[in-house]
Amino acid sequence: MFECIVAPFSENICIEDLNRPGITEQMMSDNGDSLNSPPDIKPHLNCGQDDTSEDNSNAGEYTSPGSVKSETSPGKGRGRRAKDDKSCRVCGDKALGYNFNAVTCESCKAFFRRNALKDQTTKCLFQGNCFIDIRTRRFCPHCRLKKCFDIGMRKEMILDDNERKMRMAKVMHNRQKRKESVESLTTLIKTEPMDQEPDQSCQYATSTSGHCINFPSPEGMIDITSTVVTPAIDIDALDIDKKLCRVLSKREAELCEHLTNGYAATMANYHCENLTSESYTDSNDLVNTSEQAVRRLIQFVKLMEDFKELSQEDQITALKSCVLQSLMLRSVYFFDVEQEGWRTLTGLIPAKVLKDITGYSDLYETHTNFSREMKKTCKEDITVFAIIQSIIVFNPESVGLKNLQLVSDIQNRYIVLLKSYLEYKISFEYAQIYFPVFLRKIQELKKIGSDHAKIILQVQTSKIEPLMLEILNLS
DNA sequence: ATAGCCTTGATC
DNA sequence: GATCAAGGCTAT
């Protein structure tokens, strides 16, 4: 349609215009049709109706210079009109492209827009053939406008009142939608109440004296760029009782407790949701069934004082950027190592649904391996989950963060907290060995989280819940 | 009124 | 995501 348009030129065109390369090219390639049937198209204003597409396909179809309709060289540009000469055909000023059907500068474009629809009241003070160039263009509006028409500018392409209103309405509508989109997540962050009391039956590390954490052997420390997941070993192999352990400071202990309680609360009863294998038929389901988890993630971050330190904009950026990793982390908590699936109240969702519904067997393998090893490593120590969750929320690599330094500082505090917690939990000696391994696990989580982005590519946005659309940047 | 810059929806 | 071509905004 419009991309095939060649600029028709007026019969009044002057000799010097004909000498310009662009014009010659047009004449050479133009078969005359465009002159006989000047198009009547207003691009970009479909107004959502099926309008005149047929008419346009004939009358409005110009051919691109040097090409015949669809025979434009494939993959090369868009077959648009030639505009090799980047100078305004009215005044010779620098032009960026076509305006109202002719290559013109910004000022002639604006001039034409302002004047073309007016009744020609201004008269030329001379003979009506003033020379128009970049210096003289302001002197005689009459001749300037005349030249605009002469070189083929078309007043039909200026939107009329009604069309302008419709265009503005569309812009406002989109603005509103964008605003609402930001607002809904913002509102959620600001106001979403806890829909559940913390589940006191939940067991977590700080309330137990046992060693809940499994740590990978040093041999397990591998290159995280590979898809192999760091294996875990049994914590019982560590002789912690004879080792020196850290005593957490009051502040550290309180923070751990706060995080643990908060994370536990947002995990509680999660498996109550009646999800079964049948809940999943495609990637859309996979995404939509994660909505509750996302809401709980939001609940968790809202509990963190550090999160409140971020600007609203950075809060949203941070949330959006950690959402896949967070979902992964949460799924690890519910992963059943023996049965290779996720526990729910109504049974078990086998991990292979990932393969079945996405078609990605590699994704399934990596996910399962990671979940197994991570679960064997962390077991159900919610404190570890909570600290890791905090570390991934405050990720300074999140694209678009405004206050990167703040996020980085906060993340560092949680990394230090993880180290302290490990020193408290498994002794200084073992922590020194295994803390880096834990950081590797977090790196793996990041990588696997981003690998899962390919599931997102499969979804049909029309079938995805609004919150998920928004947080996954699909809206 | 002019003209330069910006925002935007459509298109590829 | 880049490009195009509309209109809007605003200092001059």
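Heavy atoms only: backbone and side chains are in, while hydrogens, waters and symmetry mates are out. Chain identifiers are assigned alphabetically (A, B, ...) following the order of the sequence lines, protein sequences preceding nucleic acid strands; residue numbering begins at 1 within each chain.
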Under 4.0 Å: is that the gap between some side-chain N or O of [X] and OP1 or OP2 of [N]?
X        : N     : value
A/Arg154 : C/dA6 : no
A/Asn101 : C/dA5 : no
A/Asn174 : B/dG9 : yes
A/Lys170 : C/dG7 : no

Side chain of [X]: nearest nucleotide among [options]?
X        : options             : result
A/Phe111 : B/dT2, C/dG7, B/dG4 : B/dT2
A/Glu106 : C/dG8, B/dC5, B/dA3 : B/dC5
A/Asn115 : B/dA3, C/dG7, B/dT2 : B/dT2
A/Val171 : B/dG9, C/dG7, B/dA3 : B/dG9

Length of the [atom1]-[atom2] vector between [X] and [N], whole Å:
X        : N      : atom1 : atom2 : value
A/Met172 : B/dT8  : CE    : C1'   : 13 Å
A/Asp93  : B/dC5  : CG    : C1'   : 14 Å
A/Asn99  : C/dT3  : CG    : C1'   : 14 Å
A/Leu159 : C/dG8  : CG    : P     : 8 Å
A/Leu96  : C/dA2  : CG    : P     : 17 Å
A/Phe139 : B/dT2  : CZ    : C1'   : 13 Å
A/Met157 : B/dA10 : CE    : P     : 15 Å
A/Met168 : C/dC9  : CE    : C1'   : 11 Å

[X] (side chain) and [N] (base): donor-acceptor pair under 3.5 Å:
X        : N     : value
A/Arg138 : B/dA3 : no
A/Lys109 : C/dG7 : yes
A/Arg167 : C/dA6 : yes
A/Arg113 : C/dG8 : yes

Taking the cut-offs as 6.0 angstrom to the six-membered ring centre and 45 degrees off its axis, would you call A/Arg144 and A/Phe111 a cation-pi pair?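 Yes; both conditions hold, so A/Arg144 lies above the ring face of A/Phe111.
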Could you tell me whether A/Arg137 contacts a base, only the sugar-phosphate backbone, or nothing, with contacts defined as non-hydrogen atoms closer than 4.0 Å?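 Sugar-phosphate, backbone atoms only, no base.
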Go through the side-chain N and O atoms of [X] and [Y] and say whether any donor and acceptor fall under 3.5 Å apart.
X        : Y        : value
A/Asp133 : A/Thr136 : yes
A/Gln405 : A/Asp409 : yes
A/Thr104 : A/Arg89  : no

Kindly indicate whether the side chain of A/Phe385, heavy atoms from C-beta on, has any atom under 4.5 Å from the side chain of A/Leu259.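 A side-chain contact under 4.5 Å is absent here.
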Contact between A/Arg164 and A/Asp160 at the side-chain level, heavy atoms closer than 4.5 Å - yes or no?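 With C-beta onward as the side chain, the pair stays apart.
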